[in-house]
Amino acid sequence: MRSPPPSDRILGVVVVLLALAVVFAWVPLDTETGLVERIRRRVSIGDALMPTVAGAFLILGGLMTACAGGAGDHRVEFSNMRHLAGLLALLASAFLVMRWFGPALAWILTEEGYRPLRDTIPWKYAGFLLGGTTLVAGLTAMVEGRVTRRAVLAGASACVVLIAVYDLPFDDLLLPPNGDV
């Protein structure tokens, strides 16, 4: 196994240090609750849980980057920039769909608007499901070079699993972007 190039080691160490700062400094100072909250025998997700989990994944990724063997050279070429532009366009379009599909659908189909409906089925899942499916299927299509039915089904399945894990068990949790609407 080859040792990683110095640039990967530096990047990995910087990511680990920043993630440690997030987990042990920023999250405790910026959140009002802990990881899990218990109020009157009711357990709910605390404000600090998701940023702490994200920081843990960043620590893991930084360690892997710093310790894994490097493969190939690290030159930046036009094809890399074209791929990055496509990736950013996909992310932007998926997040725009996620943000605006539910409100646009409510504007077309109802007279009361989206805000009073944002925590009711099917409105609370519409943007999340379509935007998330677009994101996962689009990323898969970028890797495979074509859009497949399997990629779309995988994207929709991933969104359904996220809904089942994060929305169904908690009464007071709004899936993105419904909390901001």
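This is a predicted model, so every value here is computed, not measured. Throughout, residue positions are numbered sequentially from 1 according to the sequence presented.
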Just how far is it from atom [atom1] of [X] to atom [atom2] of [Y], taken to the nearest 0.5 Å?
X    : Y    : atom1 : atom2 : value
Y125 : T120 : OH    : OG1   : 10.0 Å
L129 : T134 : CG    : OG1   : 9.0 Å
K124 : D167 : NZ    : CG    : 4.0 Å
F128 : T133 : CZ    : OG1   : 9.0 Å
L63  : I59  : CG    : CD1   : 7.5 Å
M50  : T52  : CE    : OG1   : 9.5 Å

Find out if a path of hydrophobic residues (ILVMFWY) with successive side-chain heavy-atom gaps under 4.5 Å connects [X] to [Y].
X    : Y    : value
L135 : V165 : no
M142 : M81  : no
L90  : F95  : yes
L17  : V14  : no
I10  : L18  : yes

Hey, is the main chain of W100 close enough, under 3.5 Å, to the side chain of Y114 for a donor-acceptor pair?
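Absent.
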Donor-acceptor pair, T33 side chain versus D47 backbone, under 3.5 Å?
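Looks like yes, one N/O pair under 3.5 Å.
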If you take all heavy atoms of A66 and V13, which pair is closest and at what distance?
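For A66 and V13, the tightest heavy-atom pair comes out as CB-N, 4.3 Å.
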What's the shortest heavy-atom distance between V23 and P28, and which atoms?
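In terms of heavy atoms, the two residues are closest at O-CD, 3.3 Å.
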Give the intermediate values and the outcome of side-chain contact (heavy atoms from CB on, under 4.5 Å) for residues V15 and T65.
CA-CA 9 Å; V15 168; T65 301; over 6 Å; no
Neighbour count >12 (heavy atoms, 6.0 Å) for atom OH, Y166
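At most 12 heavy atoms, drawn from other residues, nucleotides or ligands, come within 6.0 Å of this atom.
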Go through the steps to decide whether L139 and L87 satisfy the test side-chain contact (heavy atoms from CB on, under 4.5 Å), and finish with yes or no.
CA-CA 8 Å; L139 290 171; L87 177 66; 3.4 Å; yes
